[in-house]
Amino acid sequence: MSDTSQIGARVSRPSVAGGLDFGKILLEGRAFFALIVIVIVFSLLSPNYLTVSNFLTMANHVAIYGLLSIGMLLVILNGGIDLSVGSVLALCGVVAGALMQGVVFSVLGVALYPPVWAVCVLTCALGAFVGAVNGVLIAFFKVPAFVATLGTLYVARGVALLMTNGLTYNNLGGRPELGNTGFDWLGFNRIGGVPIGVWVLAVIAILSHLVLTRTAFGRWLYASGGNERAAELSGVPVKSVKITVYVLSGICAAIAGLVLSSQLTSAGPTAGTTYELTAIAAVVIGGAALTGGRGTVRGTMLGAFVIGFLSDGLVIVGVSSYWQTVFTGAVIVLAVLMNSIQYKGRGAKK
């Protein structure tokens, strides 16, 4: 009896210790803890960092990264990648700027000035179209996602440059007599003291979370990203899911382009350069696996805030922009390393 009780005690002790696995807690909550550390460190370095107004300003900056990151998360959950989001942001911003300037029909001798809501709808439709092109190339023509979206990156950026001849559309406020005012509402207005861009990000994030956790599409997405062949044999419409995630990524990029253009009151063809890398970094820092099938909206949002608050904090304390790039790259490498450790451990258990 004593031997049996000793064996039982030995077996039970690891399970108790396993319940308090601080290493696992730190590993899985690394984005949250990193954000806390960033806030504490920069608050000590600058008295202007830990203020409500500065936090809201930084959150408004993060909104752009966050919107792109949500679209990127959906694509990465599917086991793909979308390198075109930065260029789609620029193209959609330029198209919105061109529409705000008025569409001239020289043959008819008239100029149309669409209202802001129509500009937003047309811009989102353009983002969805570019995403659909990516999805069709990848799902039906079996073009590797890296190659397809890299090509779209160049095409979208090139079209934006051709439309503007390399220049920038300024003064997007519109004119009352033309009925096209209100574009700056996205960038400068606030509800309850919170910038509109942050509210837009919150709404998109909540909707995305609900889609991933409460709908059949969310289950299909995780299944197809985890094992596409098995999901297809189980009846999951793999191709439709693949096209849909790229369409949603394009729409997120279009919304980000609208918000950024509104914040800047201008639209330029070089906007969003390297933003696709920032979006990928946010997803990875948030704990998603680049191989697909693992990741959450909550983690991605934390990853976006880590990058945004780190970048803004370095600016506030006067760190060189070159060092900012170094620090951001180091964070990304560390996040990928921790992801490898986390998911390798899970694979071993299986």
S.K.: Starting at CG of L67, measure out to CE of M72 and round the result to the nearest 0.5 Å.
M.R.: 12.5 Å
S.K.: Nearest 0.5 Å, what's the CG-CD1 distance between L260 and I64?
M.R.: 5.0 Å
S.K.: Would you say CZ of F217 has more than 12 non-hydrogen atoms from neighbouring residues, nucleotides or ligands within 6.0 angstrom?
M.R.: yes
S.K.: Short question: side chain of N134, backbone of D82 - any donor-acceptor pair under 3.5 Å?
M.R.: no
S.K.: Applying salt bridge (Lys or Arg N to Asp or Glu O under 4.0 Å), which residue pairs with at least one partner in residues 328-338 are found, sequence neighbours left out?
M.R.: none
S.K.: Is the closest side-chain heavy-atom distance between N54 and I316 below 4.5 Å?
M.R.: yes
S.K.: Would you say V194 and I191 are hydrophobically clustered, going by side-chain heavy atoms of ILVMFWY under 4.5 Å?
M.R.: yes
S.K.: Please tell me if the side chains of M338 and V336 come closer than 4.5 Å, counting only heavy atoms from C-beta onward.
M.R.: no
S.K.: Apply side chain to side chain contact (heavy atoms under 4.5 Å, CB included) to residues Y222 and L212 and explain how you reach the verdict.
M.R.: CA-CA 8 Å; Y222 279 106; L212 290 178; 4.1 Å; yes
S.K.: With ring pair (Phe, Tyr, Trp, His ring centres under 6.0 Å) as the rule and sequence neighbours excluded, what pairs involving residues 172-209 come up?
M.R.: none
S.K.: For residues 267-306, which residue pairs pass the ring pair (Phe, Tyr, Trp, His ring centres under 6.0 Å) check, not counting sequence neighbours?
M.R.: Y65-Y275, F305-F309
S.K.: Ignoring hydrogens and geometry, is there a side-chain-to-backbone donor-acceptor pair from T274 to L277 under 3.5 Å?
M.R.: no
S.K.: OG1 of T164 to CD of Q101: how many Å apart, nearest 0.5 Å?
M.R.: 11.5 Å
S.K.: By the salt bridge (Lys or Arg N to Asp or Glu O under 4.0 Å) test, which pairs, at least two apart or in different chains, include something from residues 246-263?
M.R.: none
S.K.: State which residue, out of I206, L73, I204, L207, fulfils the side-chain contact (heavy atoms from CB on, under 4.5 Å) condition with V297.
M.R.: L73
S.K.: Taking S262 for its side chain and L258 for its backbone only, find out whether a donor-acceptor pair lies under 3.5 Å.
M.R.: no
S.K.: Just grab all the salt bridge (Lys or Arg N to Asp or Glu O under 4.0 Å) pairs involving residues 238-265, residues at least two apart or on different chains.
M.R.: E228-K242
S.K.: Just by modelled atom types, is the S87 backbone N or O under 3.5 Å from a matching donor or acceptor in the S84 side chain?
M.R.: no
S.K.: If you count every heavy atom of other residues, nucleotides or ligands that lies below 6.0 Å from N170 atom CG, does the total exceed 12?
M.R.: yes
S.K.: Which pair of heavy atoms, one from I243 and one from A139, lies closest together, and at what distance?
M.R.: CG1-CB, 4.0 Å
S.K.: Taking the side chain as everything from C-beta on, heavy atoms only, tell me whether C124 gets closer than 4.5 Å to I255.
M.R.: yes
S.K.: Report whether L45 and F55 are members of the same hydrophobic cluster (ILVMFWY, side-chain heavy atoms less than 4.5 Å apart, transitive linking).
M.R.: yes
S.K.: Find out whether M58 and Y49 are in side-chain contact, i.e. whether some heavy atom of one side chain is under 4.5 Å from a heavy atom of the other.
M.R.: yes
S.K.: Are I36 and L50 grouped together when hydrophobic residues (ILVMFWY) are joined by side-chain heavy atoms under 4.5 angstrom apart?
M.R.: yes
S.K.: According to a 4.5 Å side-chain heavy-atom criterion applied to Ile, Leu, Val, Met, Phe, Trp and Tyr, with indirect links allowed, do V159 and V133 form part of one hydrophobic cluster?
M.R.: yes
S.K.: Would you indicate whether the side-chain heavy atoms of V200 and L186 approach each other to under 4.5 Å?
M.R.: yes
S.K.: Has S46 got a side-chain atom pairing as donor or acceptor with S43's backbone, closer than 3.5 angstrom?
M.R.: no
S.K.: For N48, does its backbone N or O pair with a side-chain atom of T51 as donor and acceptor, under 3.5 Å?
M.R.: yes
S.K.: Could you see if M163 belongs to whatever hydrophobic cluster contains L89? Use Ile, Leu, Val, Met, Phe, Trp, Tyr and a side-chain cutoff under 4.5 Å.
M.R.: yes
S.K.: Crowded around R190 CZ? As in, over 12 foreign heavy atoms under 6.0 Å?
M.R.: yes
S.K.: Taking all non-hydrogen atoms of both residues, which atom of P269 and which atom of A90 are closest, and how far apart?
M.R.: O-CB, 3.7 Å
S.K.: Could you walk me through whether V306 and I38 satisfy the side chain to side chain contact (heavy atoms under 4.5 Å, CB included) test, starting with their C-alpha distance in whole Å, then the side-chain angles of each, then the deciding distance to 0.1 Å, before giving a yes or no?
M.R.: CA-CA 8 Å; V306 165; I38 287 171; 3.7 Å; yes
S.K.: Say whether, by atom type as modelled, one donor and one acceptor occur between the side chain of T265 and the main chain of S261 under 3.5 angstrom.
M.R.: no
S.K.: Rounded at 0.5 Å granularity, tell me how far CG in D184 sits from CG in N189.
M.R.: 7.0 Å
S.K.: V319 vs F327, test: side chain to side chain contact (heavy atoms under 4.5 Å, CB included). Steps then yes/no.
M.R.: CA-CA 10 Å; V319 175; F327 285 130; 4.3 Å; yes
S.K.: Side chains of L91 and R157, heavy atoms from C-beta outward: is any pair under 4.5 Å?
M.R.: no
S.K.: I332 vs V284, test: side chain to side chain contact (heavy atoms under 4.5 Å, CB included). Steps then yes/no.
M.R.: CA-CA 7 Å; I332 295 170; V284 172; 5.5 Å; no
S.K.: For G250 and V88, which heavy atoms make the closest approach, and how far apart are they?
M.R.: O-CG1, 4.1 Å
S.K.: Could you tell me which non-hydrogen atom of L221 sits nearest to which non-hydrogen atom of L74, and how far apart they are?
M.R.: CD1-O, 3.7 Å
S.K.: What are the two closest heavy atoms between S249 and V75, and how far apart are they?
M.R.: CB-CG2, 3.8 Å
S.K.: Under 4.5 Å between any side-chain heavy atoms of I285 and N339, yes or no?
M.R.: no
S.K.: Do L68 and C252 touch side chain to side chain, with heavy atoms closer than 4.5 Å?
M.R.: no
S.K.: Just grab all the ring pair (Phe, Tyr, Trp, His ring centres under 6.0 Å) pairs involving residues 125-165, residues at least two apart or on different chains.
M.R.: none
S.K.: In Å, rounded to the nearest 0.5 Å, how long is the span from OG of S208 to CE of M301?
M.R.: 8.0 Å
S.K.: What heavy-atom pair brings V241 and W220 nearest, and what distance separates the two atoms?
M.R.: CG2-CB, 3.9 Å
S.K.: Hey, could you give me the CG/OG distance between N78 and S224, rounded to the nearest 0.5 Å?
M.R.: 4.5 Å
